[in-house]
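Below: one structure, written as structure tokens.
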Amino acid sequence: TYSELVQSVSALAATMQRLGVKRGDRVALYMENSMACAISIFAASLAASVFVVINPQTRPDRVRFILEDCGAVLVLTEAHLLRHLEAALEGAPDVKAVICDGSVDPTLARELPLVPFTEALAATNTPQPSNCIPRDVASLVYTSGTTGQPKGVMMTHRGMLFVTESVVEYLRLGSDDRILNVLPFAFGYGLYQLLQAAMLGATLVLERSFAYPAQVFTRIEQQGATVFPGVPTMYASILAAHARKPLCFPTVTRLTNAAAALPEHYVPKLREVFPNALLFQMYGQTECKRVCYLEPELALSKPGSVGKAIPGTEVLVLRADGTVADPDEVGVLHVRGDHVMAGYWNQPELTDVALKAGPVPGERMLCTGDHFRADAEGFLYFVARGDDIVKVRGEKVSPVEVENVLHGLPGVQEAAVVGVPDELWGSALRAFVALRPGHTSSASEIRQLCGAQLEGYKVPKEVVFLTELPKTHSGKVSRKELKDWRPDAGESQRSEPT
């Protein structure tokens with residue numbers, strides 16, 4: 001209950017302060033999706049610190065980088081993660097104590113104080129007033145870091161509150177909703193499910209992951225979930241299961257999609273599985289959480305669109321010279337609003353690249369770096385990530401356009417397209433395809449079907465079949481791993497160039 005949550009949060013915040021946490025200190029949460037993690041997020045805020053959620057699947061060397069980069073003074077973790085944490089603590093001199101949920105050996109690297117989570121919740125004193133103000137940094141959200149080291153995105157209390165209110169408004173959520181969240185709290189999309197539920201006094205049904213879809217399906221039915229936030233790879237798994245044995249979840253009234261574009265081919269099939277659900281297709285970035293969404297009633301009249309700016313914000317599609325692009329002209333998306341990050345932690349040069357002068361004197365708006373176009377009515381269409389555009393035979397190709405065609409082919413469960421060097425063309429397209437169980441195909445068949453719907457230069461020159469596409473911790477297809485793929489990468493992969 002919320003009263004139990006408040007009691008636990010207050011006790012943990014008091015313990016954090018007893019351990020020396022002060023206003024503005026960074027507190028790292030190296031935890032699974034759990035009640036303990038939810039309590040820790042709010043407790044860190046109540047103690048006026050800055051919470052940093054680290055995905056438990058993160059490698060120890062990267063955990064070490066994050067702890068050192070943000071200067072964390074306290075780490076909260078779980079017993080089964082402690083062994084991985086110890087390796088990271090050797091490179092994190094600012095950490096003064098660890099709070100651990102679960103039974104553990106009292107010895108710890110660097111002889112740091114190790115406080116059991118149950119003991120931390122047993123504090124009877126109340127936390128000291130924080131004197132926090134809305135402009136203070138509330139959280140550091142580290143990007144997935146698919147290239148180079150991750151960047152810490154600074155989000156203020158004001159920004160997080162604003163965007164939570166905005167999302168709650170356009171999703172039409174209420175206190176009677178039951179949100180089922182399988183997305184990690186380290187991923188902004190997952191974190192805000194917790195914040196939205198708390199803002200409304202709604203119910204949050206928390207799963208650790210989507211690793212076992214059948215278990216999630218049971219949970220939807222048992223708990224009467226009304227809201228299901230997902231990413232395209234999850235929806236691909238749901239539709240594959242639906243193809244094997246029909247699924248139907250009538251209690252779900254809202255589906256949301258973010259992290260990557262949802263293939264248009266998925267929409268009618270998802271309506272079979274979730275017959276009473278409104279489908280919200282959205283786009284966002286860690287640097288501002290959410291940018292735009294499409295009203296579900298417009299899904300058929302505006303196929304492929306991610307809609308318009310979320311309430312209280314504005315978006316601009318700009319040319320390289322800073323002028324506004326014409327309707328259907330491709331440009332770079334820029335975002336204005338209170339939800340725009342304060343900057344990247346300890347990286348002022350990168351901050352200056354991402355935050356540009358806005359139309360209001362003294363304002364800085366976010367340059368997403370992503371290519372979009374807006375139609376005559378102002379509806380936005382995602383074209384490609386800034387570094388994903390591939391130039392083939394002198395023509396610019398959006399991998400998303402090709403992927404949409406691939407997702408519509410018979411038997412295709414997942415697909416992704418990347419650019420690869422080519423001696424003749426400079427760059428060529430390589431498609432990675434995962435077929436549904438029981439389906440077979442060949443590269444020549446895939447290329448022939450693509451050629452019936454795409455211009456010749458957009459047809460993948462090579463098709464690679466994988467059992468499953470590699471994913472990031474947040475469930476997105478890992479384009480970095482696909483770009484680094486080599487023909488000898490594994491026996492489960494077969495390549496058929498043409």
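What you are looking at is a predicted structure, and each value in this text was computed from that prediction instead of being measured.
Considering only heavy atoms from C-beta on, Val315 stays 4.5 Å or farther from Thr368 through its side chain. Within the 4.5 Å cutoff, the side chain of His439 has no heavy atoms near those of the Pro410 side chain. A 4.5 Å side-chain heavy-atom check between Val317 and Val332 finds every atom pair outside the cut-off. A heavy-atom distance below 4.5 Å is found between the side chains of Met155 and Met160. Using a 4.5 Å heavy-atom cutoff, the side chains of Arg219 and Val182 are not in contact. Side-chain atoms of Ile446 and Pro460, non-hydrogen and from C-beta on, never get closer than 4.5 Å to each other. Contact of the Asn33 side chain with the Ser209 side chain is not registered, since no non-hydrogen atoms from C-beta on lie closer than 4.5 Å. No side-chain heavy atom of Val205 sits less than 4.5 Å from a side-chain heavy atom of Asn181.
Of all the heavy atoms in Pro399 and Val417, the pair that sits closest is CB-O, 3.5 Å. Heavy atoms only, all atoms of each residue included: Pro296 and Leu278 are closest at CG-CB, 3.7 Å. Across all their heavy atoms, Ala197 and Leu204 have their closest contact at CB-CB, 4.1 Å. Taking every heavy atom of both residues into account, Glu468 and Ala434 meet most closely at CA-CB, 4.2 Å.
For the 3.5 Å distance criterion, the side chains of Arg290 and Tyr170 qualify, holding a donor opposite an acceptor. For the residue pair Tyr293 / Thr256, no side-chain donor-acceptor distance below 3.5 Å is found, with atom types taken as modelled. A donor atom on one side chain and an acceptor atom on the other are not found under 3.5 Å apart for Asp177 and Gln196.
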For residues 265-272, please give each side-chain donor-acceptor pair under 3.5 Å, one per line with the distance, not counting sequence neighbours.
unit_1	atom_1	unit_2	atom_2	d
Tyr266	OH	Gln413	O	3.2
Glu272	OE1	His242	NE2	2.9

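With values rounded to the nearest 0.5 angstrom, Ile41 atom CD1 is found 6.0 Å from Leu29 atom CG. Atoms CG and CZ, on Leu206 and Phe185 in that order, are 4.5 Å from each other to the nearest 0.5 Å. Atoms OG and CD, on Ser305 and Gln281 in that order, are 8.5 Å from each other to the nearest 0.5 Å. Between the CD atom of Glu329 and the CZ atom of Arg373 there is a distance of 12.0 Å, given to the nearest 0.5 Å. One distance of note links CE of Met341 with CE of Met154; it measures 7.5 Å at 0.5 Å rounding.
Ring geometry for Phe217 against Phe249 counts as tilted: the plane angle lies between 30° and 60°, on a 0 to 90° scale. Between Tyr283 and Phe372, the angle of the ring planes goes over 60°, which puts this pair in the perpendicular group of the 30/60° scheme.
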Report the C-alpha separation of Val167 and His339 in whole Å, then their side-chain angles, then the decisive distance to 0.1 Å, and conclude whether the side chain to side chain contact (heavy atoms under 4.5 Å, CB included) test is met.
CA-CA 11 Å; Val167 173; His339 60 330; over 6 Å; no
Go through Ser40 and Met31 one step at a time and tell me if the side chain to side chain contact (heavy atoms under 4.5 Å, CB included) criterion holds.
CA-CA 10 Å; Ser40 302; Met31 311 176 85; 3.9 Å; yes
Arg319/Asp326 under salt bridge (charged side-chain N to carboxylate O under 4.0 Å, His left out): CA gap, chis, key distance, verdict
CA-CA 9 Å; Arg319 302 186 183 100; Asp326 292 330; 3.2 Å; yes
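A cation-pi arrangement is present between Lys308 and Phe379, with the terminal nitrogen or guanidinium carbon under 6.0 Å from the aromatic centre and inside a 45° cone about the axis. Relative to the ring axis of Phe274, Arg254 does not place its NZ or CZ within 45° and under 6.0 Å from the centre.
With respect to the salt-bridge test (charged N to carboxylate O, under 4.0 angstrom), the residues Arg172 and Glu297 qualify.
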